[in-house]
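Notes follow the structure.
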Amino acid sequence: MRLVFMPRTASSRAAYAGAVLVTVLVSVAGAAVPLPPQPAGVPYPTEAWPVAPPGPGVDVERLDAALDAAFELRGWNGLPDTRALLVVHHGALVAERYAQGFGPDSRFQSWSMAKTVTQALVGILVGQKRLDLRAAAPVPAWRAKDDPRGAITLDQLLHMTSGLDNADGSPEPDSFASRLLFGPGSLDVFAYASNVPAINAPDTSWAYSTGTTMIVAGIVGRTVGGGSAGMLAFMHRELFDPIGMRTVVPEFDAAGTFLGGAWVWATARDWARLGYLYLRDGVWDGRHVLPEGWVGYSRTPAPAPNNGVYGAHLWLNLEPKAKQFAPLPGGPHSAFCLSGNGGQMVVVVPTRDLVVVRLGVTQTMTFPAVTQAVAAVVATVAPSSPEE
Amino acid sequence: MHRVWRILWIGASIVFALFVAWIVFARAHWGAQADVGAAFLAKQVCSCHFVGGRDAEWCRRDMGTDFDPLRWEVRGNTVHAGIPLLASRSATWHEGMGCTLE
C-alpha cells in the first residue's frame with residue numbers, strides 16, 4: 001500500500017515497521033489458504049439451497065449437541081438468544097435450526113454484518129473501474145487545499161486505518177456511534193461521519209468505526225448515482241439478484257445514504273448465500289460477482305494493531321495476540337467472518353468448505369459465548385483441505 | 001377577594017416558572033440521551049415490525065426494560081417514540097427501503 005505519512009518519532013517508526021512486518025507474515029500465513037471450488041454436480045443455491053444430510057467428515061452426534069447448546073440460553077421474550085443457526089457444507093444445507101416463532105422466511109437484522117455488504121459493493125465498483133482503492137477517497141468535505149484527510153484512500157477506510165476521529169466508542173448514548181446512528185448524525189450519516197478531523201496519520205492506527213463504513217457507503221452511493229433508488233437498483237442488480245438473495249432489505253437514511261454500517265435485513269438462508277459467495281472467491285455459477293482477487297484482498301489484515309484481526313471490512317481468524325479476540329476461538333486460521341452486534345455471525349471456513357450462520361441476540365449470552373458456540377459447531381466438521 | 005386572586009396568580013406563575021425551568025434543565029442534561037433513546041426505539045421497532053415482519057409489541061419487548069420510560073406508538077407506516085416535553089423521534093417505513101429515521 002502507498003504510504004503517504006510516516007510516523008514522526010524513531011520509536012513510533014520502529015513500532016510501525018514492526019506492525020507492517022507482522023501484518024505481512026500473518027497475511028502470508030492465513031490469507032494464502034486458497035478458497036475451495038464448487039463441488040462437482042452441486043448446483044449453486046441461486047434458486048434454493050441444496051439440502052442434504054451431514055456427510056462423511058461431520059460428527060453428527062456432536063453437531064446435534066452443539067446446536068442444542070447454542071439454543072440453550074433464553075432472554076427477554078422467553079426465547080433462546082440464538083434465533084437461527086445454519087450449516088452449509090460442500091455446497092449443501094446440512095443443518096438448519098430456528099427458535100420458536102422463527103423460520104426460513106424470517107428476516108434478521110445484520111447490524112455490522114452490513115459492513116461486509118458495503119465492501120462487496122465497493123469490490124464490484126472497483127471491478128468496474130469506477131472506484132480506485134489506492135486513490136484519494138472521493139469525499140467532498142475533504143477537498144480543501146492542505147486538508148490532510150484529502151490523502152485518505154478507500155483502502156484505508158476499508159481497513160479502518162484512516163486515522164479519522166470517528167471511532168464507535170462505547171454503546172452509551174453519548175458515544176460517536178450512538179450520535180451518528182440515533183442522534184444528530186442520524187439524518188445524514190455520510191455528512192456527520194465525514195465531518196470529523198484526522199487525528200492520526202493513515203495506516204498508523206486502527207479504530208473500529210461504523211462512521212467510516214457510512215462514509216464508504218456514501219461514496220458507493222454517489223458513485224452509482226440516482227439517489228437511494230439508484231443505489232437500491234444497483235445493489236439488487238449487481239449483488240443480490242445474481243446470488244439469489246431475494247429477501248434482502250437494505251435501509252437508508254433521510255439523505256438517501258445506504259446505512260451500510262448497520263442495517264441490512266435478510267433471511268438466514270440469504271445470509272448464508274452471501275457467506276457462500278466469499279467461500280467461492282466471489283464467483284457464482286461461473287460469473288465473477290466480485291472481481292478476481294477481491295476476496296483475497298478482503299482477507300489482508302489491517303496494517304495497524306487492533307482489537308481482533310481485521311481485514312477489509314471482514315474479520316479474520318488469524319492468530320490473535322494478547323487482548324485480541326478471535327471470531328472463532330480455537331478454530332482454523334483460514335476462517336473469516338461477517339460479524340454484527342448481538343452475535344450476528346456468518347463464518348466462512350475455507351479449509352472445511354463450510355459456512356455457518358448464527359443470528360439472534362445477546363440478551364443472556366455474552367459475545368464470547370456466541371463465538372464459542374459457533375466454534376463448537378465448526379469443530380464437528382473435519383478439515384477437507386491439507387492446508388489446515 | 002381581589003387580594004386572594006392576586007396571591008393565587010402569583011403562586012401559579014411561580015409554579016409555571018419552576019416547571020419551565022425544570023424542562024429547560026431536563027432538556028439540557030438529559031435531552032440528548034432521551035433523543036438517542038427515542039430514535040433507537042422508533043427505528044428498531046419500525047424495522048423489526050415492518051421489515052422483520054414481527055408484531056410491534058413483541059419487537060418492543062425484545063429491546064428490554066431500558067426503554068420503559070419511553071412512550072411509543074405505531075401510526076400508519078410510522079413509529080413514534082419519546083418522552084413528553086423531552087424528546088420525540090419517529091421512523092417511517094418505505095417499501096423496499098426499510099425504515100428511515102426522521
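Any value given below was found using the heavy atoms of this structure, including those in side chains, with hydrogens, waters and symmetry copies removed. These figures come from a predicted structure and were not determined experimentally. Quick note on labels: first sequence line is chain A, next is B, and so on, each numbered from 1.
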*Select all residues of residues 82-102 of chain B having any heavy atom within less than 4.5 Å of some heavy atom of chain A, and report them by number, or 'none'.*
B:Arg89, B:Gly96, B:Met97, B:Gly98, B:Cys99, B:Thr100, B:Leu101, B:Glu102
*Is it true that the side chains of A:Thr46 and A:Trp284 contain a donor and an acceptor less than 3.5 Å apart?*
yes
*asked:* Is A:Ser106 close to chain B through its backbone or its side chain, or both, or neither, when contacts mean heavy atoms under 4.5 Å?
replied: side chain
*Side chains of A:Thr82 and A:Arg358: donor-acceptor distance under 3.5 Å anywhere?*
yes
*Heavy-atom distances under 4.5 Å only: say whether A:Val361 touches chain B with side chain, backbone, both or neither.*
side chain
_What I want to check is whether the side chains of A:Ser112 and A:Lys115 have a donor and an acceptor closer together than 3.5 Å._
yes
*Is the A:His236 ring parallel, tilted or perpendicular to the A:Phe240 ring (thresholds 30°, 60°)?*
perpendicular
*Of the backbone (N, CA, C, O) and the side chain (C-beta and beyond), which part of A:Leu79 lies under 4.5 Å from a heavy atom of chain B, both, or neither?*
side chain
*Which one of B:Asp68, B:Asp55, B:Asp66 satisfies the salt bridge (charged side-chain N to carboxylate O under 4.0 Å, His left out) criterion with B:Arg60?*
B:Asp68
*Using only heavy-atom distances, determine whether the side chains of A:Asp81 and A:Thr364 contain a donor-acceptor pair under 3.5 Å.*
yes
_Enclosure of B:Arg71 CZ (heavy-atom neighbours >12, cutoff 6.0 Å)_ = no
*asked:* Can you tell me which of B:Ala39, B:Ala38, B:Ala42, B:Gly37 forms the most heavy-atom pairs within a distance under 4.5 Å of chain A?
replied: B:Ala39
*asked:* Is A:Gln363 close to chain B through its backbone or its side chain, or both, or neither, when contacts mean heavy atoms under 4.5 Å?
replied: side chain
*Heavy-atom distances under 4.5 Å only: say whether A:Asp174 touches chain B with side chain, backbone, both or neither.*
neither
*Gap between atom CZ of B:Phe67 and atom CZ of B:Arg61 - 0.5 Å precision*: 16.0 Å
*Is the shortest side-chain N to carboxylate O distance from A:Arg83 to B:Asp62 below 4.0 Å?*
yes
